Amino acid sequence: MSDANARLERLTSMLKRRGIILPAFEIHGGVAGLYDFGPVGGRLRRRLVDSWVEHWTSQGDIVEIDSPTITPESVLIASGHVGEFNDYMSECKACSGAFRSDHLVAQNHPNPDILTSEQLDQLIAEHAIECPTCGSQDWNDARPMNLMFDTRIGAMKGGRTAYMRPETAQGMFMLYPALYRHFRNRLPFGAVQTGKGYRNEISPRQGMIRLREFNMAELEYFIDPAVEIEHDFTPWTSTLFNLVPDPEHGEPVQMVPGEAAQKNVIRHPTVAWFMARTWSFLVSVGIDPEKIRFRQHEGTEMAHYATDCWDAEIYGSYGWIECVGIAHRGCFDLQAHESATGDKNLRAWRPYDVPKSVDKTVLSGVGSVIGPAFRANAGKVHDALGKIDAPGPSPPFELDLDNGSTVTIQAGMYEEKHIQSTEHGEWFLPHVVEPAFGIDRILWHILDHAFDESGKGDDGAYTVLRLRPRVAPIDVAILPLMEKDGLEEMAMRIHQKICSVRQLISYYDGSGSIGRRYARADEIGVPWAITIDHESLESGTVTVRRRDDGAQIRIPVDQLSSHLTSEELESMF
RNA sequence: GCGGAUGUAGUGAAGGGGUUAUCACCUGAGGUUUCCAACCUCAUGUCACGGGUUCAAAUCCCGUCGUCCGCACCA
């Protein structure tokens, strides 16, 4: 076994032993692709998600929403997920190549998309379809590849088909009208949502990398495609990003994001800007900047909705893993929902710089004549006349109505009407830039990058989880030097006081030698350990030990929670 | 879904047709200890599930389930 695999096993078993990440439902045998966050991991995840939400909402034009995970089928039909996820696959028995069954029979059927698996198998057999890879004609039966968990809304047969959402994004699109009102009809604006997404993976592998139920965090940023946003790239003027463009577009380069946008390596400046903001987030929660790269999707691998997509990949025990997808989705989703529902509220209003005035003369039916003459068709006649610029053909003339019939218009049935109006703008479909984060994958890499076994002394074998304080599950360990002479009472009081402070969590540990307790705290990444000794009883001061180097200072106990809250302990060493 | 491997305490491992299943770490209690996994004593906790063979199954056989690895799949 390689060293890397051995390290991975030690990390995994530590995560399980210390209650960070554990296989779910284990007493019932476990289920691949489902994990629990334990007493330590649960808080780590919460801190990570909170950091993420704060990172985006601090921008000022982004709000948080939350929508159901159960999603009616029609939503996912409109979004394309049902079509995309419902394909049948055929596998070649000879070379194990897997192909979409409908593509295999595309030449043999006008609309293979609608065929059942039996029909597909029959067509493949009839036409002796060859495997595109190896030429064999021996196929396994077509099987559906729907990766969504289905369910029903409502009991019994009357229930409506629904799916567990495969992404959170649709919730933001459903709420577009509410967001548009909230932001007083002004683009750009965005919404974030964090929560669970579901994919019924055929065979989940690689631990936290491919899950059946996973934590997502997605941002939809709505922009006017006609307006070039001036993004401020100055925070990253000396930060070189590792960029791996689509091979058709160029070689991997290191470049600051502003330049990459300017030189069109990244095609859209807003995409570049979100890539930069994403980089900053990842680094702020403890991802090693050396292990981040951005890779552009190739045309063939692009999701069905995306027009340009860059993945943030993080390097860890499983190699380079896609952890964030930043996609320019164009107007795909809003348009899809608009045409599926006919809803008129999925657009934004763009005022013209100079209002367009309309000044024309058209024909206008005379109601008192047309009404009796055409009765039920009168309305259509009015509409058709209104489209004819004055003076129009000389009467009598034939007029085509939009219901296909033709009527004869006599003089006196209409008059000329002068129309003068001003158009101040137009309705358009906003475009969307979507950064979508796989929280579990990021969390995994935080742990992976923080897991330090370099040890101290000769024997090595000392584990420290070097988590950033902002994501550390526990802020501080409270350790009485010994559990006697009143040290334990004082320690317990401090512990309870810290825990009562908003956003702070401590834990009390009085068992084992002081060194063992430091080691336990280090292993789950507690950044600070407070030790209460006899001097504490007399002077009201305690020692603060820094996880990363064991250095200690002594501070008054009543300053503890304020120092922890303000994160200024670091500067006191 | 296919092929291979595998399932023994919280973790990691050893063992194996025989009645009390072993070891280390971990965890807990007590002792000791005035700051970095010290030490001593004690304790909790385990053979995935179901069936078969057998006087006796954790061990052998069959099945199921789970897990791991490879193939394939993977917005």
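This is a predicted model, so every value here is computed, not measured. A, B, ... follow the sequence lines: proteins, then strands. Residue 1 opens every chain. Only this structure's heavy atoms are used, side chains among them; waters, hydrogens and symmetry mates stay out.
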| task | List in numerical order all residues of residues 11-26 of chain A for which some heavy atom is under 4.0 Å away from an atom belonging to RNA chain B. | result | A:Ser13, A:Lys16, A:Arg17, A:Arg18
| field | By ring pair (Phe, Tyr, Trp, His ring centres under 6.0 Å) - contacts of A:His337 (at least two apart) | value | none
| query | Relative to the 5' end of RNA chain B, which residue comes earlier, A:Ala436 or A:Lys484, by the nucleotide with the nearest heavy atom? | reply | A:Lys484
Protein and nucleotides 5-8 of chain B: nitrogen or oxygen contacts under 3.5 angstrom:
none

| remark: A:Arg516 meets the side chain to side chain donor-acceptor pair (under 3.5 Å) criterion, sequence neighbours left out, with none
| request: Of all the heavy-atom pairs spanning A:Ala169 and A:Glu434, show the shortest one and how long it is. | output: CB-OE2, 3.2 Å
| said: Going by the rule ring pair (Phe, Tyr, Trp, His ring centres under 6.0 Å), which residues pair with A:His563 if we only count those two or more places apart in sequence or in a different chain? | reply: none
| request: Only stems of 3 or more consecutive Watson-Crick or G-U pairs count here, both distances under 3.5 Å; name the ones for RNA chain B, or none. | output: B:1-7 with B:65-71, B:10-13 with B:22-25, B:27-31 with B:39-43, B:48-52 with B:60-64
| request: Could I get the full list of salt bridge (charged side-chain N to carboxylate O under 4.0 Å, His left out) partners for A:Asp475, not counting sequence neighbours? | output: A:Arg47
| Can you tell me how far the CG atom of A:Asp509 sits from the CD atom of A:Glu483, to the nearest 0.5 Å? | 8.5 Å
| Nearest-nucleotide comparison on RNA chain B, the residue closer to the 5′ end among A:Glu322 and A:Leu481 | A:Leu481
| request: Kindly write out the residues that satisfy salt bridge (charged side-chain N to carboxylate O under 4.0 Å, His left out) with A:Glu488, not counting sequence neighbours, or none if the list is empty. | output: none
| message | What's A:Gly550 touching, base or sugar-phosphate or nothing? Going by heavy atoms closer than 4.0 Å. | response | base
| remark: Sequence neighbours excluded, the answer for salt bridge (charged side-chain N to carboxylate O under 4.0 Å, His left out) partners of A:Asp548 is A:Arg466
| said: Considering every strand and a 4.0 Å limit on heavy-atom distances, what is the contact class for A:Phe214: base, sugar-phosphate, or nothing? | reply: base
| said: Going by salt bridge (charged side-chain N to carboxylate O under 4.0 Å, His left out), name the residues that satisfy it together with A:Arg547, two or more places apart in sequence or in a different chain. | reply: none
| field | Interface with RNA chain B, restricted to residues 510-520 of chain A and to heavy atoms under 4.0 Å | value | A:Ser511, A:Ser513, A:Ile514, A:Gly515, A:Arg516, A:Tyr518, A:Ala519, A:Arg520
| task | Sort and list the pairs that fulfil salt bridge (Lys or Arg N to Asp or Glu O under 4.0 Å) and have at least one residue in residues 21-34 of chain A, not counting sequence neighbours. | result | A:Lys16-A:Glu26
